[in-house]
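Notes for the one structure printed next.
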Amino acid sequence: MKHRIVVLGAGYAGAFAAGNLARRLSPADTEITVVNAVPDFVERMRLHQLAIGQDLAFPKLADVFAGTGVRLRLARVTGVDPERRTVAVTGEDGDGELTYDTLLYALGSSVARHGVPGVAEYAFDVTGRSSALRLRERLAGLGEGGAVLVVGEGLTGIETATEFAESRPDLSVALAARGELGAWLSPKARRHLRQTFARLGITVHEHTGIEAVEPTRAIAAGGTSIPADVTVWSAGFAVDPLAAAAGLEVTEAGRIVVDRTMRSVSHPDVYAAGDCAYAIGDNGRPLPMSCASAGSTTMQATAAIIARLTGGEVPTVGLKYYGNHISLGRRDAIFQMVDDDVRSKSWYLGGRAAARLKAGVLKGAGWSIAHPTFGMPKRKRRLATAPGRAGVKAAA
C-alpha cells in the first residue's frame, strides 16, 4: 500500500511543498493529495493590489499540479483527527474524509480581529481573495474624497495604505498606528517611509488604538472619532482553531508547536509549515508570520519528510529571518535588513531599486509556485519501508 501524504492548504507553503515532494518521492510508493478551498493559487502578498482594482491573474491549481502526480481535492478542511489519522473535508462533492500516513499542515492565517466590536461586521481586510474582492467592490463605489482608514502599522498596513493612496489619489487615505510609524526601521528607512507617506498625502494617527469600528467611522481610545467610509483591518494575523481542536500541541494563539524539523512535538505523523507553525529560528526566537518564514519552514519540513521516509539523514535547513521588504506603491519600496536579534541594521535600500527588487521577489515566488517541480532533483527516491525496498534510499 502506498504511503499517503496529505497537504492541507495550497498557499505559498503548501503548493511548494506538494511539488517538492512529488518531484523527489517515487509515485510507486507514495500518494500525494493537496486539499485547498479554492481552485486557484492566490498570491497573498499582492491582494492589496487586487483590492484597489489592479487586474491580477492567479494560476489554476489544476494547471500547477498537472503532470506532477499530485491529486487536488477542492474542499474546505473541517477537522483533523490525529489519532485516526484522518482529515474531514466539505466541498462541492459534499462531506468526505481523507486518511493520511503523513500530514503537512499549511493552512496559513487570516485576519486577527482581537475581539474589537464592529470589525467583523463593518471592516474589510486583504488576507484572502474573497475578502480582497469584497473590498475592491466597495472601493470602486467610493467617489472623490472618500475616506479610507487602514488600521495597523505592520507590513500589510503600510503596503495597503501606500498602494491605495498611489492608485487612488482622489481618496483620503489615513493609517492608525498603535505606536510610532516605522519605529522598527532604521532611522534612514523610517525617514524614507515618512517622506513617502507625506508625498502620497496619507494621514497618520500615531499612538492610536482603535477600540470600535462603525459603518462610517472608527472609534479610538478615549472616544476620538476618525471618519472612515471604509475601514481596512490589518492589525495582525490569526490561525484557524482546527489544530487546537484536533488536540495537537499549540501555542496560546493556536500555532502548532514544532521541533527543529517542523514536526509536531505532540504527533510525529504531523508536520507544519508557514504561518500556522510555531518554529524557533536559528537566533532562538520564534519565526514571524511571513512569506520568508513560509519558505524556510517549508523547505525544512519537506526535507525532513523525504529523509525520514527514505531512510536518509534529516538535513538542517537554515531558519533565519533576514529582513523586511515593504512595497510603497508600484514605484517605491524599502528593503530593511535585520541582525540576529531582529534589530534593524543601519543600511537599507529604498526607492525604485527596492521596488524593482520587490517586484522580482513577487514574480519569482509566483513563478516558482506555478512551476512546482522545476529545478528539483530528477531522481525519484523510494521509501525505505516499501515492500522489497528495505534499506534502499534512492532509485532512478
Side-chain angles (χ1 to χ4, degrees), residues 1-11 13-18 20-21 25 29-37 70-71 73 75-90 95-110 238-281 286-287 289 293-294 296-317 319 383-386:
M1 184 177 181
K2 293 184 180 182
H3 187 95
R4 296 157 297 186
I5 301 174
V6 174
V7 180
L8 303 184
F16 181 80
N20 195 340
L21 293 168
L25 292 173
D29 304 332
T30 55
E31 177 183 285
I32 302 169
T33 302
V34 175
V35 182
N36 201 59
V70 173
R71 300 182 178 187
R73 178 70 178 268
R76 181 172 59 86
V77 180
T78 58
V80 177
D81 187 339
E83 307 308 323
R84 296 177 53 237
R85 294 193 294 188
T86 59
V87 176
V89 299
T90 184
D95 298 339
E97 188 174 82
L98 298 173
T99 302
Y100 66 83
D101 298 300
T102 296
L103 180 71
L104 178 54
Y105 192 109
L107 288 177
S109 62
S110 58
V239 298
D240 196 291
L242 275 172
L248 297 171
E249 184 170 335
V250 298
T251 64
E252 185 177 350
R255 298 172 72 188
I256 299 172
V257 181
V258 296
D259 63 16
R260 183 57 179 75
T261 68
M262 301 302 115
R263 197 180 207 177
S264 165
V265 297
S266 61
H267 294 78
D269 297 323
V270 178
Y271 293 77
D275 286 355
C276 60
Y278 182 78
I280 304 301
L287 289 174
M289 291 182 177
S293 298
S296 58
T297 56
T298 299
M299 286 190 287
Q300 179 62 80
T302 53
I305 291 171
I306 292 165
R308 289 192 172 112
L309 291 181
T310 59
E313 181 177 349
V314 178
T316 298
V317 175
L319 299 177
L383 268 60
T385 56

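FYI, side chains are in, hydrogens and waters are out, and symmetry mates aren't considered; it's all heavy atoms of this structure.
From Asp95, atom CG reaches atom OG1 of Thr90 across 4.0 Å, with rounding to the nearest 0.5 Å. Note that the CD atom of Glu31 and the CG atom of Asp101 stand 9.5 Å from one another [nearest 0.5 Å]. The line from CG of Asp275 to CD1 of Ile256 is 12.0 Å long, rounded to the nearest 0.5 Å. We find the CD1-CG distance between Ile280 and Leu319 to be 10.0 Å, quoted to the nearest 0.5 Å. The distance from the OG1 atom of Thr310 to the CD1 atom of Ile305 is 11.5 Å, given to the nearest 0.5 Å. Going from atom CD of Glu313 over to atom CZ of Arg308 covers 11.0 Å, rounded to the nearest 0.5 Å.
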Less than 3.5 Å apart, which donor and acceptor atoms pair up between the side chains of residues 243-252 and the rest of the protein, not counting sequence neighbours?
{"residue": "Thr251", "atom": "OG1", "partner": "Ala253", "partner atom": "N", "Å": "3.3"}
{"residue": "Thr251", "atom": "OG1", "partner": "Gly254", "partner atom": "N", "Å": "3.4"}
{"residue": "Thr251", "atom": "OG1", "partner": "Arg255", "partner atom": "N", "Å": "3.2"}

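Judged by distance alone, with hydrogens and angles left aside, the side-chain atoms of Asn36 form a donor-acceptor pair with the main-chain N or O of Ala10 at under 3.5 Å. The main-chain N or O of Pro315 is found under 3.5 Å from a side-chain atom of Gln300 such that the two form a donor-acceptor pair. Between the Arg263 side chain and the Tyr271 main chain, no donor and acceptor come within less than 3.5 Å of each other. With hydrogens and angles disregarded, a donor-acceptor distance shorter than 3.5 Å links the side chain of Thr302 to the backbone of Thr298. Under a 3.5 Å cut-off, the side chain of Thr297 and the backbone N or O of Gly274 do form a donor-acceptor pair.
Of all heavy-atom pairs spanning Thr99 and Arg4, the tightest one is CG2-NH1, 3.5 Å. In plain terms, the two heavy atoms of Ser266 and Pro268 that are nearest each other are O-CD, 4.0 Å. Considering every non-hydrogen atom in both Tyr278 and Pro286, the closest pair reads OH-CG, 3.3 Å. Counting all heavy atoms, side chain and backbone alike, Ala17 lies closest to Leu104 at CB-CD2, 3.3 Å. The two residues Cys276 and Val239 make their nearest non-hydrogen contact at CA-CG1, 3.9 Å. What you find for Arg73 and Thr33 is that their closest heavy atoms are CB-CG2, 4.3 Å.
Taking the side chain as every heavy atom from C-beta outward, Asp29 and His3 never approach each other to under 4.5 Å. You'll find the side chain of Val34 stays beyond 4.5 Å of the side chain of Val6, heavy atoms only.
Residues meeting the salt bridge (charged side-chain N to carboxylate O under 4.0 Å, His left out) test with Asp259, sequence neighbours left out: none.
Electrostatic pairing of Asp269 and Arg85 counts as a salt bridge here, judged by a charged N lying under 4.0 Å from a carboxylate O.
Tested against Glu97 for a side chain to side chain contact (heavy atoms under 4.5 Å, CB included), the candidates Thr86, Val87, Val89 yield a single pass: Thr86. The only member of Val7, Leu8, Val258, Val77 that meets side chain to side chain contact (heavy atoms under 4.5 Å, CB included) when paired with Tyr105 is Leu8.
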Could you check Leu309 against Leu25 for side chain to side chain contact (heavy atoms under 4.5 Å, CB included), going step by step and ending with a plain yes or no?
-> CA-CA 9 Å; Leu309 291 181; Leu25 292 173; 4.2 Å; yes
